[in-house]
J.: 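I have a structure here, written as structure tokens, and I will follow up with some questions on it.
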Amino acid sequence: MDGTMMDFPLTLTPMLERAGKLFPEVEIVTRLPDKSLHRHSFVDFHRRATQLASALEAAGLKRGERVATIMWNSYAHLEIYFGVPCSGGVLHTLNFRLHENDIAFIANHAEDRFLIVDDVLLPIYEKIKDKVSFERVFVVPLSGAPIPDGLENYEDFLASGPDGYSFPELDENAACGMCYTSGTTGKPKGVAYSHRAMVLHTFCAGLPDIVGLSQCDVVLPVVPMFHANAWGLAYLAVMVGSKIAFPGPHMDADSLLELCEAEQVTLAAGVPTIWIGILQALENDASRWKLHPDFRTVVGGSALPESMIRDFDKHGITTIHAWGMTELTPLGTLSRLKRGMEGMSEDARYDVRAKQGMPVPYVEARVVDDNGEAPWDGKSMGEFQVRGPWVAANYYNSEEGQDKWTDDGWFGTGDVVTMDAEGYVKITDRTKDLIKSGGEWISSVDLENALMGHASVREAAVIAVAHEKWTERPLAVIVAAEGADVNAASLNDFLSQNFAKWWLPDAYEVVEEIPRTSTGKFLKTALREKFADRYAGQ
Ligand code: ADP
């Protein structure tokens, strides 16, 4: 006897089975297209996920084969999040906000066998159907509209699953899911998640100093379930047995606030764009909604400006800044104050909270510049590199992009950061978005965050434009706050309080809207194209 533990595979199945047994009454609420609320509980969720697994097996889905979804966040998506992987299949959530050619490319590249699609999203399927070859397409009757010929009703498919199904034993290193990065340059690249990675990621996310979730919580995943596994929230909610509220297709600020009030949501998570809208609604009239006193939010996907953290605090809502990537399942760092930091000055505390935070347990981190590993001194900039049990080892069936992994086994994130002595990471930029002026680097993210703290600015994106003398200079593209006038001189005065003169944007452009990627990040390539000519030759 060697005296160690059982070899018990870390798969998603025990998470599902336990939730069905221990939390049968816990509710899962979904906003349907007609705005009514669909309610059922974990016992229904468990039954339906099991039925789905049974139906998939009867339909001949083999181990490792992909089932794609084009779906909103809903009770059906949650059961698919478990039914597919626990039957041995691989859940491939398609990002339906991408261009139709990209969606088709991704579905073909992943060789998805079946597709499950919400009836309200059928127009997207219509656009791709001639470019893809799903063997069967199941339609979730979310709105109850008639199902077109040739497609099958998901409910009938579910009901066809033979009784008496039991889940297969699975290898913890087998894939449970797949996501593609949106690939603003080059082709989208796939990441396959193992059961083991997903389970460990869920445990980590649940820690009180990380996302922190308990069965007493009510969680609202605003982040789409197609975006990096909804940041792990769906699995986490099922693991701990917390009530879940799904927004369905209603993602506007008023609808989300209504849902938060109606279900007394305690934790919501999403990208900054969503929170900008919510903040605006609260600033207009906070008395419209009676939110839970402990309501808190996890915000990530792009930088959370410090001014937003302060503004939400005024409304009694704590925002927690997190950083992640599709390649990291996605959680990498998260900002919470360490013991003792409560005693720092208010400004210093906000400064820490606005950073992307400390690496979470088991995500090892380093900063690498041209000279090798850079010190954690809060000043030395370099590429953020990570390794850990839920960091991808490669891209799925792709030659392109494999150079992101170093010879000594780290993943290069492409984010340029500093790390301070306490271990807090601060993202300066994406490598490709840094502005090189007169041989020195200017951080577009720092300028954006500062500008968004000015009363006349709703949103700000800063890009590099070519400059004869300085190589590149910053241009700020601004969306004005409601009814405000944007004045370049006063914005530059405002920035001069914190930035050297040579950092100040050479020009400001006011636009109605800043173009965004499918996952809510500023689409800087589009801005650069739009403004390149206007500033050429300066
Ligand atoms: P997609 O491009 O498909 O949205 P990801 O969600 O994986 O892909 O994007 C990951 C990238 O998003 C990171 O490398 C980083 O540049 C950016 N990002 C994520 N969270 C933050 C954050 N809190 N602050 C700044 N940038 C972030």
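Just follow the structure's listing: the first ligand is 1, and inside any ligand the first atom is 1.
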J.: Has Gln402 got more than 12 heavy atoms of other residues, nucleotides or ligands less than 6.0 Å from its CD?
T.: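 More than 12 heavy atoms, drawn from other residues, nucleotides or ligands, come within 6.0 Å of this atom.
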J.: If we only consider heavy atoms of Asp415, is any one of them less than 4.0 Å away from an atom in ligand 1?
T.: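 Contact check Asp415 vs ligand 1: positive.
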J.: So, applying side-chain contact (heavy atoms from CB on, under 4.5 Å) with Val462, which one of Asp429, Asn449, Leu451 is it?
T.: Leu451
J.: Return the minimal non-hydrogen interatomic distance between Ala354 and Glu306, and the atom names on each side.
T.: CB-CB, 3.8 Å
J.: Measure Met325 to ligand 1 on non-hydrogen atoms and call it side chain, backbone, both or neither using the 4.0 Å cut-off.
T.: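 For Met325, the contact with ligand 1 is made by both the backbone and the side chain.
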J.: With heavy-atom distances below 4.0 Å as the criterion, list the atoms of ligand 1 near Ala303.
T.: 22 (C), 24 (N), 25 (C), 26 (N)
J.: Can you list the ligand 1 atoms lying under 4.0 Å from a non-hydrogen atom of His321?
T.: 22 (C), 23 (N), 24 (N)
J.: For Phe522, enumerate each residue passing the ring pair (Phe, Tyr, Trp, His ring centres under 6.0 Å) test, keeping only those at least two apart in sequence or located in another chain.
T.: none
J.: Which of the atoms of ligand 1 are close to Gln356, meaning less than 4.0 Å from one of its heavy atoms?
T.: 22 (C), 23 (N), 24 (N), 25 (C)
J.: Closer than 4.0 Å to some heavy atom of His227 - which atoms of ligand 1 meet that?
T.: 4 (O), 6 (O)
J.: Does the ring centre of Trp72 sit less than 6.0 Å away from the ring centre of Phe96?
T.: yes
J.: At the 4.0 Å heavy-atom cut-off, does Gly414 count as touching ligand 1?
T.: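 Under 4.0 Å: no for Gly414.
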J.: Counting only nitrogen or oxygen atoms and a 3.5 angstrom limit, does Thr413 reach ligand 1?
T.: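 No - when backbone and side-chain N and O of Thr413 are compared with those of ligand 1, no distance drops under 3.5 Å.
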J.: What part of Ala322, side chain from CB on, backbone N/CA/C/O, both or neither, has a heavy atom under 4.0 Å from ligand 1?
T.: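 For Ala322, the contact with ligand 1 is made by the backbone alone.
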J.: Can you find a non-hydrogen atom of Pro330 under 4.0 Å from ligand 1?
T.: no
J.: Could you go through the side chain to side chain contact (heavy atoms under 4.5 Å, CB included) check for Trp275 and Thr297 one step at a time?
T.: CA-CA 9 Å; Trp275 300 108; Thr297 70; 3.4 Å; yes
J.: With heavy-atom distances below 4.5 Å as the criterion, would you say the side chains of Tyr180 and His109 are in contact?
T.: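 Yes, close enough: below the 4.5 Å cut-off.
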J.: How does Thr326 reach ligand 1, by side chain, by backbone, by both or by neither, if only non-hydrogen atoms under 4.0 Å count?
T.: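 Answer for Thr326: both.
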J.: Is the shortest distance from a heavy atom of Ala228 to ligand 1 less than 4.0 Å?
T.: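 No heavy atom of Ala228 comes that close to ligand 1.
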J.: Counting each atom of ligand 1 from 1 as listed, which ones have a heavy atom of Gly301 under 4.0 Å away?
T.: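 Selected atoms, number and element: 12 (O), 17 (C), 18 (N), 19 (C), 20 (N), 21 (C), 27 (C).
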J.: Please confirm whether the backbone N or O of Arg66 pairs with a side-chain atom of His92, one donor and one acceptor, at under 3.5 Å?
T.: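 Not a single qualifying donor-acceptor pair exists.
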J.: Closer than 4.0 angstrom, basic N to acidic O: yes or no for Lys436 and Glu472?
T.: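 No, Lys436 and Glu472 are not salt-bridged.
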J.: I'd like to check whether Arg430 has a polar contact with ligand 1, where a contact means an N/O of the residue lying under 3.5 Å from an N/O of the ligand.
T.: yes
